[in-house]
Number of protein chains: 2
Amino acid sequence: MSKSKRLMDLMMTVNRKKKFTVKELATEFNVSTRTILRDLQELSELGVPLYSEVGPHGGYQVLNERILPPIAFTEEEAVAIFFACHALRHYAYLPFETESSSALSKFYFYMSGDVRDRIDEMKNRIDFVIPSRQAKFPYLSILLDGAIRQKVIRIEYGSRESVSARLIQPVGIYASSGLWYCPAYCFLREDIRLFRCDRIRSAVEDTSGTQPRDLRHLHLGNREALLPSEQQFTSLYVELSEEGVHRCEAEYWSATKLHRREDGTGWLEGRMPKGDIPFLAQFFIGLGTDATVKCPPELIDDIKRRLAELMARYG
Amino acid sequence: MSKSKRLMDLMMTVNRKKKFTVKELATEFNVSTRTILRDLQELSELGVPLYSEVGPHGGYQVLNERILPPIAFTEEEAVAIFFACHALRHYAYLPFETESSSALSKFYFYMSGDVRDRIDEMKNRIDFVIPSRQAKFPYLSILLDGAIRQKVIRIEYGSRESVSARLIQPVGIYASSGLWYCPAYCFLREDIRLFRCDRIRSAVEDTSGTQPRDLRHLHLGNREALLPSEQQFTSLYVELSEEGVHRCEAEYWSATKLHRREDGTGWLEGRMPKGDIPFLAQFFIGLGTDATVKCPPELIDDIKRRLAELMARYG
DNA sequence: GTATTTGTGACAATAGTTGTCACTATTATA
DNA sequence: TATAATAGTGACAACTATTGTCACAAATAC
């Protein structure tokens with residue numbers, strides 16, 4: 001095997017192993033330890049952050065970073081990756097430890113001149129807008145970690161007035177229009193609930209010994225299963241104008257209920273939990289004349305009540 | 001210079017030049033043409049897509065792809081890049097020619113085993129949700145290109161009923177909650193206007209010879225300047241509950257007007273174009289009792305009118 | 001036809017790489 | 001304290017790879 005190929009392989013190997021001895025590598029690559037030592041020195045000079053300790057149980061370690069081999073991207077691909085990462089800057093909170101900007105600047109730095117020029121021209125011409133919120137999400141990492149390792153997390157949850165302690169087992173986390181949400185099994189309610197991460201006041205791994213449930217079948221790709229199971233349902237039917245259809249398309253919950261007609265108008269039809277009446281009443285009022293609720297009657301009543309209240313307010 | 005170093009440099013060089021002859025490179029690198037030929041063959045074997053033509057005006061070319069040199073990413077960085085790109089899959093339309101999924105799979109493929117494992121675990125545990133819309137955006141590329149090169153674009157714009165032809169000079173494009181928008185100078189209205197890209201029925205580069213305006217000072221990073229200049233303004237003041245503040249944070253237009261109090265509540269205060277009254281009336285109705293409009297009176301009147309209409313509809 | 005270009009093969013000179021051996025130095029542990 | 005395990009360095013000979021030169025083939029634009 002030629003030296004350059006061996007160096008490449010070595011790069012990968014040390015990144016995979018993270019901890020290793022010279023002898024080990026010498027055996028693996030069928031060269032002498034002297035050669036490996038020389039190679040490692042060269043890798044060091046190439047930027048791989050190696051660290052070594054002498055003595056028994058000593059050996060080499062790779063610090064933190066890992067090397068990505070040369071990858072052939074098309075120009076379009078490189079640009080797309082750049083802007084995807086660029087969009088992350090809109091998120092003040094991310095469940096990754098590192099600032100994504102460091103990755104971005106590395107990526108940018110290594111790109112050849114004309115791709116860089118291309119990116120510079122595009123930088124102020126394209127954007128993925130995400131609402132910037134004041135809300136704080138300091139516990140995304142621990143929630144995500146809980147979801148991955150299926151751990152029970154103890155959180156304090158609530159609004160300004162009332163805070164309650166709960167044990168939850170996160171299913172995952174997702175960001176939607178600037179807010180982070182965490183669907184999770186709630187040991188208090190004994191059902192799946194959706195938590196808004198900015199209302200989580202604290203989060204730590206539970207130490208009381210509560211056994212995690214077996215929720216491996218639940219994940220974000222499996223949304224239907226995330227709905228709370230023990231609720232009273234009623235039937236929803238809403239007529240929508242063309243604009244009403246557009247507005248509903250932006251709503252996560254309506255995807256399965258939305259039907260479209262040839263002429264652009266449409267309707268919502270499906271089951272809805274009774275607990276959603278307040279939310280939906282307000283939502284359909286917001287659609288104005290672009291939505292006409294036909295049933296359930298409870299929803300219509302709530303809409304009427306709210307309209308009356310508003311009328312009173314504006315005299 | 002050692003061979004491996006020269007090969008790396010060569011990789012960069014050929015990617016920069018895209019078209020070159022063996023002799024050129026030989027001079028540049030101070031080696032013989034024979035050596036360069038051997039090097040190029042090696043690069044080929046390493047995956048650089050080289051193509052050559054013999055004869056005068058012949059030479060080498062790099063096809064399409066460009067090589068990214070080995071980059072040292074931390075694990076966190078690699079993961080962040082992956083999920084940033086992963087989020088792009090929610091966009092059915094992008095202004096890049098290539099599917100971003102191809103870039104993603106390359107990236108994934110080259111990542112070392114344990115980062116890949118990490119990603120696999122996280123895949124169904126974290127997501128960036130963007131509303132999926134039915135709308136179609138086939139002209140993003142031409143609009144973006146127009147914005148970059150400051151070209152005049154001829155579009156057909158409108159709703160189902162009325163379609164009008166217009167000349168525009170795009171400032172940029174951006175995606176917001178699942179829809180693409182294009183702020184542009186409109187030669188018909190002689191002012192900056194915001195176009196919804198799904199209402200653009202066709203778009204071609206203008207050939208009538210209309211001179212582009214000098215709009216280099218306008219770009220997406222410069223939003224204040226994008227507001228239409230010749231409009232009648234009036235003063236807006238709205239009281240907001242805590243929830244009302246939250247809802248307004250998600251709205252793009254409200255960022256500069258939103259003020260917060262210590263207790264979480266807040267208010268909107270600022271100038272608003274009179275043309276926005278219908279939109280704002282509907283918006284504040286949607287906020288229900290979380291918003292109380294204090295002025296302008298025209299807005300309050302419109303809200304009352306709309307409430308009355310809704311009351312009538314629901315009997 | 002000529003100049004320009006890629007492309008191949010052979011070979012000797014040169015340059016780089018490797019293994020061995022003999023060292024030094026540090027450190028955990030028996 | 002002795003021992004074994006580990007990194008690390010230097011010198012040198014044997015080996016291997018790289019390079020330049022030269023000869024020649026083949027395609028192609030002008």
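Reminder, nothing fancy here: chain letters follow the sequence lines and each chain counts from 1. What's counted below: heavy atoms across the whole structure, side chains too, no hydrogens, waters or symmetry copies. Fair warning: this is a prediction, and the values are worked out from it, not measured in the lab.
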Under 3.5 Å: donor-acceptor pair, side chain of Arg201(B), backbone of Ile155(B) | no
Taking atom types as modelled and ignoring hydrogens, do the side chains of Tyr157(A) and Arg166(A) form a donor-acceptor contact shorter than 3.5 angstrom?
-> no
Contacts of Val54(B) and Ser32(A) projected onto DNA chain C by closest heavy atom; the upstream (5') one is Val54(B)
Presence of donor-acceptor pair under 3.5 Å, side chain of Arg34(A) and base of dG10(D) | yes
Just say parallel, tilted or perpendicular for the rings of His86(B) and Phe83(B), cut-offs at 30° and 60°.
-> perpendicular
Ignoring the backbone of Asp39(A), work out which of dT18(C), dT8(C), dA11(D) is nearest its side chain.
-> dT18(C)
Whole-Å gap separating P (dT18(D)) and CD1 (Ile36(B)) = 14 Å
In plain terms, say whether Glu76(A) and Arg118(A) are close enough for a salt bridge, that is, a side-chain N and a carboxylate O under 4.0 Å apart.
-> yes
Going by atom types alone, do Tyr181(B) and Asp127(A) pair a side-chain donor with an acceptor below 3.5 Å?
-> no
Of all the nucleotides listed (dT18(C), dT6(C), dA28(C)), which has the minimum atom distance to the side chain of Thr35(A)?
-> dT18(C)
Specify the separation, in whole Å, of atom CZ of Phe29(B) and atom P of dT18(D).
-> 17 Å
Are the side chain of Arg116(B) and the backbone of Phe109(B) linked by a donor-acceptor contact shorter than 3.5 Å?
-> yes
What is the distance, rounded to the nearest whole Å, between atom CG of Leu37(A) and atom C1' of dT6(D)?
-> 10 Å
Just how far, in rounded Å, is C1' of dT5(C) from CG of Leu40(B)?
-> 13 Å
Do Arg38(A) and dG19(C) share a donor-acceptor pair, side chain to base, under 3.5 Å?
-> yes
DNA chain D-proximal residues of residues 19-28 of chain B, any heavy atom under 4.0 Å | none
Rounded distance in Å - CG (Leu7(A)) to C1' (dT18(C)) = 13 Å
Report the distance from atom CD of Glu53(A) to atom P of dT27(C), rounded to the nearest whole Å.
-> 9 Å
According to a strict under-4.0 Å criterion, is His57(A) in side-chain N/O contact with OP1 or OP2 of dA4(D)?
-> no
Take the protein atom OH of Tyr60(B) and the nucleotide atom P of dT5(C), then report the distance between them rounded to whole Å.
-> 14 Å
Backbone of Arg213(B) reached by a side-chain donor or acceptor of Gln169(B) within 3.5 Å | yes
Ranking dT18(C), dA4(D), dA29(D) by distance to the side chain of Arg6(A), first place goes to dT18(C)
Mind calculating the distance between CD (Gln41(A)) and C1' (dG10(D)) to the nearest angstrom?
-> 12 Å
